[in-house]
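All remarks here apply to the structure that follows.
Lettering of chains follows the sequences in order, A, B, ..., and the numbering in each one begins at 1. In what follows, every heavy atom counts, from backbone to side chain, and hydrogens, waters and symmetry copies are set aside.
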There are 2 protein chains.
Amino acid sequence: MKEQKIPKETIKRLPIYYRCLNRLVVLGKDTLSSTELSEYLGIKPTQIRKDLSYFGDFGTRGVGYDLRRLFKEIESILNLERTWNIAIAGISNIGCAIMDLLDFNHSGFNIVTAFDSNPNVVGNVVHGVTVHDLNDLKECTVEEPIDIGIIAVDPVDAREVANCLVDRGVGGIINFAPTLLNLPKEIEVVQMDLTSELGWLVFFIGNN
Amino acid sequence: MKEQKIPKETIKRLPIYYRCLNRLVVLGKDTLSSTELSEYLGIKPTQIRKDLSYFGDFGTRGVGYDLRRLFKEIESILNLERTWNIAIAGISNIGCAIMDLLDFNHSGFNIVTAFDSNPNVVGNVVHGVTVHDLNDLKECTVEEPIDIGIIAVDPVDAREVANCLVDRGVGGIINFAPTLLNLPKEIEVVQMDLTSELGWLVFFIGNN
DNA sequence: TATTTATTGTGATAACAAACACATAAATTT
DNA sequence: AAATTTATGTGTTTGTTATCACAATAAATA
Ligand SMILES: NC(=O)c1ccc[n+]([C@@H]2O[C@H](COP(=O)([O-])OP(=O)(O)OC[C@H]3O[C@@H](n4cnc5c(N)ncnc54)[C@H](O)[C@@H]3O)[C@@H](O)[C@H]2O)c1
Ligand SMILES: NC(=O)c1ccc[n+]([C@@H]2O[C@H](COP(=O)([O-])OP(=O)(O)OC[C@H]3O[C@@H](n4cnc5c(N)ncnc54)[C@H](O)[C@@H]3O)[C@@H](O)[C@H]2O)c1
């Protein structure tokens, strides 16, 4: 292992490895070769080894990887050892689905606050979290630090909500609304964009 | 414009251009330069021009692009002139959100069937579409051709549903379940994977 | 009409990422 | 203990994508 710039694409694969390893750990497996993992994931074994080699020598030649060890290594690389505080904006279909998902997984993602502008929704308790009004967020009534914001509000409101989240100090945002956010470049934004993906799919299908 | 291999990344940006152009058309704008579009999207103007140049000379030097013309060109490139038939599996939070979204946009995406395994949901009518039982899909009780399947079922059921969709002849699948699908390579699969994106985000935040 | 300004389109180059070939080393077999 | 098998780690090569520099051309101005 040498100090090298780590490809962005490598980082994007790590969570995929991580989830697969997690499943295999649960199944009680304890050694894993890159070829075997490759078969589960449809990612070439050389790619997997190269990705891992950026971070250290985790395997044993002739044997493979110790599954638990590798799992822990990736956990550490991705900063998943600590818990991360999440705020969700928009407690309708998508917002609820995310609360279900994160609560069920009891991953290191902790939903510390939820908010909505609809008075019929404000005050409800979902998965143990009280839904606040957007103004509470603005006025810092909610005291906990927020690491990540997830936006699941109406497209026209997404920008306003994003700005509030940034004011509250989030380091990154996941945006489900089909709205481009214009945020300072130190805030990392992930667009979860169904219609864009449909566009890609339809290009692909129509030309194959 | 010369015959060249078109980068995958270029195709992924086209839907982003498309949506932005759509909004600007609605606003009544009629000419647009790559620099201006660049400011809306945060994508460099040279990148935009290069992307478009793979498909033809759509602009006028010294002037820019005719907005409507460009919009129509991208529509044609992406095969968005025809309508596409969609089946949605899993009519709970995510499934309903998608039905709202596609119905509201009245994009060229037509939800022709929806299905679920829960007897309490089967038979309900959502946005004018009757929810069928999964077995109806298996037995081809639903007669319409399906171009694209969207999976929003429980992770453990995703693979089974994917196989049914492939048997029904879909060309591509969008999968919201955190489950890797092992499908023939001619079927294009898009994973909408929140937990992977959170992994990436947390790496980014933790190291910056 | 000549000059300047605005803006596109593109060949060339640079940056990035994947694939490959093979050296290395552990385990197993002969 | 030598040979074979298995599997990792990595320098090199190949392929892909983004950026740059600038030629081409239309419009506006002098
Ligand atoms: N990326 C995807 O895959 C995908 C799929 C479907 C829908 N969407 C998008 O996700 C978003 C949410 O969709 P949905 O169906 O869950 O929700 P919805 O459209 O049914 O409701 C939006 C919710 O946000 C709340 N809201 C609106 N403005 C707000 C504000 N300023 N502050 C706080 N809360 C506010 C509303 O009260 C409501 O509860 C929409 O933008 C939709 O277009 C994305
Ligand atoms: N990618 C993302 O951003 C994201 C976010 C949240 C949840 N999810 C995932 O999306 C999926 C759906 O989540 P949700 O909260 O909308 O749904 P849910 O988990 O509340 O319910 C799943 C639905 O699928 C139905 N179903 C189960 N098995 C089925 C089968 N074999 N055939 C047909 N229908 C079946 C159930 O009856 C139910 O209606 C889950 O897998 C969840 O993990 C993804």
Side-chain angles (χ1 to χ4, degrees), chain A residues 1-17 21 24 29-71 73-74 77 185 196 200 203-204 207, chain B residues 1-17 21 24 29-71 73-74 77 185 200 203-204:
Chain A
M1 176 210 180
K2 280 200 315 198
E3 272 313 313
Q4 263 183 283
K5 210 186 148 288
I6 294 153
K8 203 173 152 165
E9 298 301 313
T10 290
I11 308 297
K12 294 208 173 160
R13 282 186 291 270
L14 291 182
I16 297 168
Y17 301 159
L21 296 181
L24 295 173
K29 204 166 157 48
D30 50 41
T31 298
L32 181 77
S33 73
S34 57
T35 307
E36 209 179 343
L37 184 57
S38 155
E39 281 154 11
Y40 290 121
L41 301 179
I43 296 171
K44 293 205 169 65
T46 52
Q47 181 73 81
I48 295 172
R49 292 204 299 277
K50 178 121 259 183
D51 285 343
L52 297 175
S53 79
Y54 289 108
F55 302 98
D57 296 1
F58 304 138
T60 309
R61 294 169 195 226
V63 180
Y65 298 91
D66 177 275
L67 184 44
R68 263 150 222 277
R69 156 98 195 280
L70 187 57
F71 179 73
E73 294 286 2
I74 295 179
I77 294 162
K185 67 174 183 324
S196 276
W200 152 257
F203 175 88
F204 182 90
N207 295 274
Chain B
M1 177 211 175
K2 281 201 316 198
E3 272 313 314
Q4 264 181 283
K5 208 188 150 282
I6 294 152
K8 202 172 155 168
E9 297 302 313
T10 290
I11 307 298
K12 294 206 173 163
R13 280 185 292 269
L14 291 181
I16 297 168
Y17 302 159
L21 296 180
L24 295 172
K29 202 166 160 51
D30 51 41
T31 298
L32 182 76
S33 73
S34 57
T35 307
E36 210 179 344
L37 184 57
S38 154
E39 281 155 11
Y40 290 120
L41 301 179
I43 296 172
K44 293 205 170 64
T46 51
Q47 179 75 81
I48 294 173
R49 294 205 298 278
K50 180 115 243 185
D51 285 342
L52 296 174
S53 79
Y54 289 109
F55 302 98
D57 294 1
F58 304 137
T60 310
R61 292 167 195 230
V63 181
Y65 298 91
D66 177 275
L67 185 45
R68 264 148 222 280
R69 157 98 195 282
L70 186 57
F71 179 73
E73 293 286 1
I74 295 179
I77 294 162
K185 69 175 183 319
W200 153 257
F203 175 87
F204 181 89

For atom [atom1] of [X] and atom [atom2] of [N], their distance in whole Å:
X	N	atom1	atom2	result
E9(B)	dA18(C)	CD	P	10 Å
L14(B)	dT17(D)	CG	P	13 Å
R69(B)	dT8(C)	CZ	P	14 Å
E39(B)	dT7(C)	CD	P	10 Å
D57(A)	dT24(C)	CG	C1'	11 Å
R49(A)	dA21(C)	CZ	P	13 Å
Q4(A)	dT12(D)	CD	C1'	12 Å
Y54(B)	dT16(D)	OH	P	12 Å

**Request:** Could you list the residues that satisfy side chain to side chain contact (heavy atoms under 4.5 Å, CB included) with R61(B), not counting sequence neighbours?
**Result:**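 With neighbours one apart ignored, the set is empty.
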**Which residue lies more 5' along DNA chain C, comparing I6(A) with Y65(B) via nearest heavy atoms** =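 Whichever sits nearer the 5' end wins; that is Y65(B).
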**Message:** Measuring from atom NZ of K50(B) to atom OG of S34(B), what distance do you get when rounded to the nearest 0.5 angstrom?
**Reply:**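 OG of S34(B) is found 13.5 Å from NZ of K50(B).
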**Prompt:** Does a distance-only test, which skips hydrogens and angles, find a donor-acceptor pair under 3.5 Å between the side chain of K50(A) and the base of dG11(D)?
**Reply:**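 Pair found.
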Looking at every strand, decide which applies to [X] at a 4.0 Å heavy-atom threshold: base, sugar-phosphate, or nothing.
X	result
K8(A)	sugar-phosphate
T10(B)	nothing
T35(B)	nothing

Between the protein and nucleotides 27-30 of chain D, are there any N/O to N/O pairs under 3.5 Å, and if so, what are the atom names and distances?
none

**Asked** If you check every side-chain atom of Q47(A), which of dA18(C), dT8(D), dT8(C) has the closest atom?
**Response**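 So the side chain of Q47(A) is nearest to dA18(C).
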**Asked** Among dA21(D), dA18(C), dA7(D), which nucleotide sits nearest the side chain of R13(A)?
**Response**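 Taking heavy atoms from C-beta onward, the closest nucleotide is dA18(C).
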**Message:** When you measure from the side chain of K12(B) to the backbone of L14(B), do you find a donor-acceptor pair of N or O atoms at a distance under 3.5 Å?
**Reply:**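 A pair under 3.5 Å: no.
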**Request:** For residues Y65(B) and L37(B), determine if any side-chain heavy atom of one lies less than 4.5 Å from a side-chain heavy atom of the other.
**Result:**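 They are not in side-chain contact.
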**Asked** Phosphate oxygens OP1/OP2 of dT8(C): is one of them under 4.0 Å from a side-chain N or O of S34(B)?
**Response**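 So the side-chain polar atoms of S34(B) do come within 4.0 Å of the phosphate oxygens OP1 or OP2 of dT8(C), strictly under.
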**Request:** Work out which heavy atom in I43(A) is nearest to a heavy atom in R13(A); give both atom names and the distance.
**Result:**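 Between these two residues, the closest heavy atoms are CD1-CD, 3.9 Å.
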**Item:** W200(A) and F204(A) aromatic ring geometry - parallel, tilted or perpendicular at 30°/60° bounds
**Value:**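 Plane angle between 30° and 60°, so tilted.
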**Message:** Heavy-atom count check: over 12 atoms from other residues, nucleotides or ligands less than 6.0 Å from K44(B) NZ?
**Reply:**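 No, the 6.0 Å shell around NZ holds no more than 12 heavy atoms from other groups.
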